[in-house]
Participant: 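Dumping the structure here so I can ask a few things about it.
Residues take their numbers from the sequence shown, with the count starting at 1. As the structure is a computational prediction, the values presented were derived from the model and not from experiment. Note that ligands are numbered from 1 as they come in the structure, with each ligand's atoms numbered from 1 the same way.
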Amino acid sequence: MKRDLISVLDISDDIDDLIESAAYLKKNRAKHNHPLVGKSLAMIFEKPSTRTRSSFEIAMVELGGHAMFLDARGMQIGRGETIADTAKVLSRYVHGIVYRAYTNVAMRELAASSEVPVINALDDMEHPCQALADLLTIKEKKGQLDGLKVVYLGDGNNVCNSLLLAGALTGMHMVASCPPERMPDKTIATCAAEIAEGWGESVELESDPYKAVRDADVLYTDVWVSMGDESDPEYARALFSPYAIDAELLALAKDDAIVLHCLPAHRGEEIAAEVIDGPQSVVFDQAENRLHAHKAVLQLLLE
Ligand code: CP
Ligand code: NVA
């Protein structure tokens, strides 16, 4: 039975093991264990990518397998072939499909017709592989996850949705500080809050960024204009500017707070240059951890 990773919820029972496995693979990167020899991965991208695309490809190489990048614009999907037919055909060639899609509907359509595992490399609802790397990074820096206060600031988007779920599953106190009109997805926030309750924790939605960041262990932000959401960047700038992580906001968090950003970043918009390039920023370790997290995911789903 194939297993997909479309939402963080698909790895609810494995999230701790995946973080541990990613940490192990990071530590033992030079050992060249090749559990995926003979396995191939198709990587369909409808939107641009630097980190996700390259780290999945290198992850496959380092695990002994092969990755094939497919730009959706160069595929027959762009000329009217259905997603279902694409999934059925690719399932005859490869052992897994990584998919970056405009919509979660398309993601689920591909997964429904695929006979091999489908891994969500970002859609408009979630970015689960990112969240896994984020947790690995926080654990490395803080030594634990449960009980930490993590505050996400800005647009309640795909990255925010997955982070809320992943944080709730690992016992963190999650806060989404977003404008009321751009809070995270309601169903996901409710689900994360229910999971958090099991830990005696909560998920807070707090529109006041100054209140939200007090005593935070982790501050996190993402772009104000996501891919596929470029209709009114000026409106986005005006709406989100109070949520920018600058030195003044960071000073309200704990002294040893760390700052995460999934990247790409826009210095002077969602994050000040002095913060992202400053001593509390861990964004490049976070970006590196995409590789190790993807290896853990590929091993779990493809081996
Ligand atoms: N964070 C992230 O997913 O980056 P890319 O868009 O470069 O893959
Ligand atoms: N929220 C952003 C994340 C980019 C990695 C987007 O969807 O474009």
Side-chain angles (χ1 to χ4, degrees), residues 5-8 22 41 43-60 67 69-73 97-107 119-138 152-166 176-179 181-185 188-189 219-233 235-237 239-240 243-245 259-267 269-271 276 281-295 297-298:
L5 169 47
I6 310 279
S7 162
V8 167
L41 182 74
M43 309 197 303
I44 309 173
F45 279 70
E46 292 179 357
K47 309 190 222 186
S49 169
T50 297
R51 281 143 288 270
T52 310
R53 173 186 171 176
S54 24
S55 56
F56 261 113
E57 186 162 337
I58 299 301
M60 261 325 254
F69 174 72
L70 296 166
D71 183 337
R73 287 168 304 181
I97 303 174
V98 162
Y99 185 26
R100 173 164 285 195
Y102 274 103
T103 68
N104 186 257
V105 172
M107 182 68 63
I119 300 170
N120 183 350
L122 181 149
D123 62 24
D124 58 347
M125 192 55 76
E126 282 206 49
H127 197 0
C129 300
Q130 177 71 54
L132 207 53
D134 300 340
L135 263 49
L136 173 62
T137 311
I138 297 169
Y152 176 96
L153 295 128
D155 187 12
N157 59 19
N158 44 9
V159 169
C160 176
N161 288 334
S162 284
L163 188 70
L164 287 188
L165 289 172
S177 188
C178 314
E181 52 273 72
R182 293 299 287 248
M183 278 293 174
D185 179 77
I188 288 185
L219 299 190
Y220 195 123
T221 192
D222 181 19
V223 292
W224 291 341
V225 178
S226 281
M227 293 177 279
D229 190 21
E230 290 96 351
S231 57
D232 198 346
Y235 170 75
R237 262 177 220 116
L239 185 67
F240 295 123
Y243 301 87
I245 305 185
V259 178
L260 280 79
H261 188 312
C262 60
L263 305 180
H266 297 88
R267 288 169 175 76
E269 291 194 13
E270 74 275 3
I271 192 157
I276 194 167
S281 166
V282 298
V283 300
F284 296 110
D285 290 325
Q286 182 187 2
E288 178 191 329
N289 284 340
R290 299 294 304 280
L291 170 66
H292 312 298
H294 294 170
K295 281 167 116 173
V297 166
L298 289 167

Participant: Can you tell me which residues line ligand 1 if we count any heavy atom under 4.0 angstrom from one of its atoms, in chain and number order?
Facilitator: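 Correct list: Ser49, Thr50, Arg51, Thr52, Arg100, His127, Gln130, Cys262, Leu263, Arg290.
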Participant: Show every donor-acceptor pair shorter than 3.5 Å between a side-chain atom in residues 130-137 and any protein atom, with sequence neighbours excluded, or say none if there are none.
Facilitator:
from: Gln130; atom 1: OE1; to: Arg290; atom 2: NH1; distance (Å): 2.9
from: Gln130; atom 1: NE2; to: Asp134; atom 2: OD1; distance (Å): 2.8
from: Asp134; atom 1: OD1; to: Tyr220; atom 2: OH; distance (Å): 3.4
from: Asp134; atom 1: OD1; to: Gln286; atom 2: NE2; distance (Å): 2.9
from: Asp134; atom 1: OD2; to: Tyr220; atom 2: OH; distance (Å): 2.8
from: Thr137; atom 1: OG1; to: Ala133; atom 2: O; distance (Å): 2.6
from: Thr137; atom 1: OG1; to: Asn289; atom 2: ND2; distance (Å): 3.0

Participant: So does Leu153 get a backbone contact from the side chain of Ser177, meaning a donor-acceptor N/O pair under 3.5 Å?
Facilitator: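 Pair absent, no side-chain N/O of Ser177 close to backbone of Leu153.
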Participant: Taking any residue with a non-hydrogen atom under 4.0 angstrom from an atom of ligand 2, which ones do you get?
Facilitator: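 For ligand 2, the contacting residues are Leu122, Asn157, Asn158, Val159, Asp222, Val223, Ser226, Met227, Leu263.
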Participant: Taking atom OG of Ser49 and atom CE of Met227, what is their separation to the nearest 0.5 Å?
Facilitator: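 So the gap between those two atoms works out to 7.0 Å.
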Participant: Are the side chain of Glu46 and the backbone of Ala72 linked by a donor-acceptor contact shorter than 3.5 Å?
Facilitator: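 No, Glu46 side chain to Ala72 backbone: no donor-acceptor pair under 3.5 Å.
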Participant: Nearest 0.5 angstrom please: Met43 CE to Ile97 CD1, how far?
Facilitator: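 Going from CE on Met43 over to CD1 on Ile97, the span is 12.5 Å.
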Participant: Who pairs with Ser281 by side-chain hydrogen bond (donor to acceptor under 3.5 Å, both in side chains), at least two apart in sequence or on another chain?
Facilitator: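 With neighbours one apart ignored, the set is empty.
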Participant: Whether the side chain of Glu230 engages the backbone of Gly228 through a donor-acceptor N/O pair (distance < 3.5 Å, no angle test) should be reported.
Facilitator: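 Yes, Glu230 side chain to Gly228 backbone: donor-acceptor pair under 3.5 Å.
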Participant: Can any side-chain N or O of Asn158 pair as donor or acceptor with the backbone N or O of Asp123 at less than 3.5 Å?
Facilitator: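 Side chain of Asn158 to backbone of Asp123: a pair is present.
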Participant: Would you kindly say whether Tyr152 and Asn157 are connected by a side-chain donor-acceptor distance under 3.5 Å?
Facilitator: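 The answer is yes; a qualifying pair exists.
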